[in-house]
Amino acid sequence: MTFIFVALGGAVGAFTRYAISLIPVKSQFPVLTLITNLLGVLLLGFIVGIAESRNVSKNTMLFLKTGVCGGFTTFSTF
């Protein structure tokens with residue numbers, strides 16, 4: 001069952017990453033990749049901070065941290 005939560009979160013993260021990649025930016029530097037990874041780090045930190053202070057289920061954490069943040073950023077093995 002945990003695979004379902006990771007897969008659904010990964011789909012949300014990948015969709016969001018793709019949506020951001022559609023923003024028209026002309027630059028030699030991969031600005032959108034940098035922005036995506038910075039947003040992912042902030043989101044992951046926020047999720048971990050909230051989880052520390054509240055009783056969050058394992059499945060919710062798998063969905064958010066491994067699925068969404070992993071699918072959204074390029075550090076998906078994190």
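Throughout, numbering of the chain's residues begins at 1 and tracks the sequence.
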- Message: Grouping I, L, V, M, F, W and Y whenever their side-chain heavy atoms are under 4.5 Å apart, do Leu39 and Val41 come out in a common cluster?
- Response: no
- Message: Quick check: is Val68 connected to Leu32 through a chain of hydrophobic side chains (ILVMFWY, heavy atoms under 4.5 Å apart)?
- Response: no
Ignoring hydrogens and angles, write down the donor-acceptor pairs under 3.5 Å from the side chains of residues 51-59, residues two or more places apart or on other chains.
unit_1, atom_1, unit_2, atom_2, d
Ser53, OG, Ile50, O, 3.1
Ser57, OG, Thr60, N, 3.1
Ser57, OG, Thr60, OG1, 2.8

- Query: Excluding sequence neighbours, so at least two apart, what forms side-chain contact (heavy atoms from CB on, under 4.5 Å) with Leu8?
  - Reply: Ile4, Phe63
- Item | Considering all heavy atoms, the nearest Cys69-Gly40 contact | SG-O, 4.2 Å
Say you draw a straight line from [atom1] of [X] to [atom2] of [Y]; how long is it, rounded to the nearest 0.5 Å?
X     : Y     : atom1 : atom2 : answer
Leu42 : Ile47 : CG    : CD1   : 11.0 Å
Leu38 : Thr33 : CG    : OG1   : 10.5 Å
Asn37 : Leu44 : CG    : CG    : 11.5 Å

- Hydrophobic cluster mates of Val6, side-chain heavy atoms under 4.5 angstrom, ILVMFWY only, any path? Leu62
Return a table of donor-acceptor pairs under 3.5 angstrom between the side chains of residues 11-30 and protein atoms on other chains or two or more places apart.
unit_1, atom_1, unit_2, atom_2, d
Thr16, OG1, Val12, O, 2.8
Arg17, NH1, Phe72, O, 2.7
Ser21, OG, Tyr18, O, 2.6
Ser27, OG, Phe29, N, 3.1
Ser27, OG, Phe29, O, 3.2

